Amino acid sequence: MNETEAPTRHFIQQLVDQDIASGRWGAPGDGSVVRTRFPPEPNGYLHIGHAKAIWLSFSIAEEFGGSCNLRFDDTNPAAEEDEFVRSIIEDIRWLGYRWDGARDDDPMAGVRFASDYFQKMYDHARELIGKGLAFVDDQTPEQIRATRGTATEPGTPSPFRDRPVDENLELFERMRLGEFPDGSKVLRAKIDMASPNFNLRDPVLYRVLHAPHHRTGEAWKIYPMYDWAHGLEDSYEGITHSLCTLEFENHRPLYDWLLDQLDGVHHPQQTEFARFAPTYVVTSKRKLKQLVDENHVSGWDDPRMPSISGLRRRGYTPESIRAMCAEGGVTKFNAKVDYVRIENSVRDHLNKTAQRRMAVLDPLKLTITNWDELGEPGRIEELDAINNPEDEAGGTRAVPFGKNLVIERADFIEQAPNKKWFRLAIGKEVRLRYGYWVRCNEVVKNDAGEIVELLCTYDPTTRGGESPPPDGEGKVRKVKGTLHWVCADDCIGAEVRLFDRLYTSEQPGKATGDHLGDLNPDSLSVVTGAMLERELAGAAPGDRFQFERVGYFCVDPDSTPERLVFNRTVTLKDSWARAADKGEKR
RNA sequence: UGGGGAUUGGUGUAAUCGGUAGCACGAGGGAUUCUGAUUCCCUUAGUCUGAGUUCGAGUCUCAGAUCCCCAACCA
């Protein structure tokens, strides 16, 4: 393999390539026949683990010029709700995907539901019964479980296995009409009680369930099981490539068997791929729900949640999530994804797109003592700042500069520990970004001995942050450090929410069995006294910025025009902090 | 201890006919820089194990190890 060759294609692309070339689904070479689907169950919110499945099915369809359906697999009314339907639709659209039939004026346009096919599925079940391949079983759930056998022993056939076809048909109809209580009867396929694959040991196809359904209401008293429903849904929709995660591998023989028994039905190809497991995150619906229900987070869209809505609120971009999915590759290996990778993907995108602003999260007063001597006393100057050095079209803005400023408390130390300290200290000079160079001469402390104010002088020849003119010997003075700052007399206040990872361990609960035990008690800290440059005043929820030298931030929906609230999406990389950490250990 | 899947640097992924183990992220170092950011350069480290076939094995054969999934009327 050398560099001039095309990038390699993952195994699913290769499989579709072959199908298109051979004309398996249509005329050879016609990629438009490719039809995929994303089939969520509406029983929870989408999370980052789903993003890969969404990305895969939509991108395969897009690449070949085919289409991808959004279909809700709503076959279990006990768990499913419309709220989840709405949120899933919103999340997929936000990620930037449009399913077959989608329209921008109606979020429900083109959306499909398994429940739309209940009648067809019922009719096909009758066909199966008619062929002697399914029967009504009167056994209790316990009896069915007890007779399924073990890994090494075959199961024993149900005493009702050889019920006559007519009787099966009649009982199935009566099940449908609600004549039997929950759990009293099921429809089972008649396959092989000795199969080493449990899924083939006369699997249950329908159960009696007297529960109202979010779409069909009271119409049905029986509901199809996943294995019966899913293949039919794929078949009815003309799906060619049914992509799912690895845990369904054992189900493929049943998927194929069921479709093979029916006359004249389309038979899609199921192919399994590995999901990915980000570190420091849980992606089980049960655990995520627990976090919400037990108030460990503020809700499904808490910015610390790995839900799509949480990531959105945190400030992640759809582009960065898609890029991360693509970079991970598609394999059958259950891989973990280092959380720094997720952070890097959003840094990458935001670095190119986010406008820069200055914000001081932990303000320390900095007073310029020679300000009034060297010009109009109390004046505020307007200085130009570049909005985005990565994007010339971003333009510039004016930032006010005056006698009374604030800088980040962490950017000052009385005595510089060594020559690697680029920031401010007594006797040292730094550049205030886009402002002036200042030298600290003195600190003011309160009774408790805490530093409350820095007394500095500025060099008027460094306006805009430029280097001063050379001295008499032609030498130019230099500074190592550039600090962000805000003009205390012309700024706005804000609340800033800083997030750290929700868990302290890579695989929460792995060691203890309880993910809650690994919760990070410091995953949220709220800064109420941040001071921001006034340009941020009009920021609206969802707006993203880089606060220079601090990180990327996104306006939270809790924000009001009077009181801005920012979420920290991710910090900037900080090699100084890392070096300092190492220094401490020495 | 039945069946199904998997295993390549720290992490992820490529090598498609048996022919130089490549790329990305991370980590370490350096250059540039009005963000200790970005960008750029260099370095680092790998074929699960053991046999076998072969001039030659990540790739083929055999044996073994480890990990994941499966005995819901969930999906």
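To find a chain, count down the sequence lines: A is the first, B the second, and so on, and within it residues start at 1. Nothing here was measured: the structure is a model prediction, and the numbers come from that model.
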Measure from the side-chain N and O atoms of Asp73(A) to the backbone N and O of His230(A), and report whether any donor-acceptor pair falls under 3.5 Å. no

Tyr434(A) near the nucleic acid: base, sugar-phosphate alone, or nothing, with a heavy-atom cut-off under 4.0 Å? base

Mind checking whether Phe84(A) and Tyr45(A) have ring centres under 6.0 Å apart? yes

Decide if the gap between the ring center of Phe248(A) and the ring center of Tyr226(A) is smaller than 6.0 angstrom. yes

Ring-plane angle category for His213(A) and Tyr223(A), please: parallel below 30°, perpendicular beyond 60°, tilted otherwise. parallel

Report the stems of RNA chain B as range-with-range entries sorted by first number; a stem here is at least three consecutive pairs, Watson-Crick or G-U wobble, both distances under 3.5 Å, and write none if there are none. B:2-7 with B:65-70, B:10-13 with B:22-25, B:26-31 with B:39-44, B:48-52 with B:60-64

For His50(A) and His47(A), take the angle between the two ring planes, folded into 0 to 90°, and tell me which bin it lands in: parallel under 30, tilted 30 to 60, perpendicular over 60. tilted

One thing to verify: whether Arg423(A) and Glu408(A) come together as a salt bridge, which I'm taking to mean a side-chain N less than 4.0 angstrom from a carboxylate O. no

Relative to each other, are the rings of Phe553(A) and Phe566(A) parallel, tilted or perpendicular (30° and 60° limits)? perpendicular

Distance criterion of 3.5 Å, no angle test: do you see the side chain of Arg347(A) paired donor-to-acceptor with the base of rU38(B)? no

Is Trp576(A) stacked on the base of rG36(B) when the test is centres under 5.5 angstrom and planes under 30 degrees? yes

Where the side chain of Lys336(A) is concerned, which of rA14(B), rU11(B), rC73(B) is the nearest nucleotide? rU11(B)

Ignoring hydrogens and angles, does a donor from either the side chain of Arg423(A) or the base of rG36(B) sit under 3.5 Å from an acceptor on the other? yes

Would you kindly compare Asp137(A) and Arg549(A) by the position of their nearest RNA chain B nucleotide and give the one closer to the 5′ end? Arg549(A)

Regarding Arg37(A) and Glu233(A), does a basic nitrogen lie under 4.0 Å from an acidic carboxylate oxygen? no

Table of protein N/O atoms under 3.5 Å from nucleotides 66-72 of chain B N/O atoms:
from    : atom 1 : to        : atom 2 : distance (Å)
rC69(B) : O2     : Asn250(A) : ND2    : 3.3
rC70(B) : O4'    : Asn250(A) : ND2    : 3.4
rA72(B) : OP2    : Arg145(A) : NE     : 3.4

Provide the distance between the two C1' atoms, one in rU13(B) and one in rU8(B), to the nearest whole Å. 9 Å

Position toward the 5' end of RNA chain B (nearest nucleotide), Leu432(A) or Val337(A): Val337(A)

If you look at every strand shown and take non-hydrogen atoms under 4.0 Å, does Thr75(A) touch a base, only sugar-phosphate, or nothing? sugar-phosphate

Any protein N or O atoms within reach of nucleotides 26-29 of chain B? Criterion: under 3.5 Å, listing atom names and distances.
from    : atom 1 : to        : atom 2 : distance (Å)
rG26(B) : OP1    : Asn344(A) : ND2    : 3.2
rG26(B) : OP1    : Lys573(A) : NZ     : 2.8
rA27(B) : OP1    : Arg578(A) : NH1    : 2.9
rG28(B) : OP1    : Lys582(A) : NZ     : 3.1

Can you tell me, in whole Å, how much space there is between the C1' of rC62(B) and that of rG19(B)? 24 Å

Separation of rU35(B) P from Asp574(A) CG (nearest whole Å): 14 Å

In sequence, state the C-alpha distance, the side-chain angles, and the governing distance for Tyr122(A) and Trp220(A), and then conclude on side chain to side chain contact (heavy atoms under 4.5 Å, CB included). CA-CA 10 Å; Tyr122(A) 179 82; Trp220(A) 291 86; 3.7 Å; yes

Whole-Å C1' distance, rU47(B) and rG22(B): 13 Å

Return yes if the base of rU35(B) and the side-chain atoms of Gln546(A) contain a donor-acceptor N/O pair under 3.5 Å, otherwise no. yes

Parallel, tilted or perpendicular: ring planes of Tyr206(A) versus Phe172(A), cut at 30 and 60 degrees: perpendicular

Kindly determine whether Val360(A) and Ile407(A) satisfy side chain to side chain contact (heavy atoms under 4.5 Å, CB included), including the steps that lead there. CA-CA 6 Å; Val360(A) 175; Ile407(A) 64 166; 5.5 Å; no

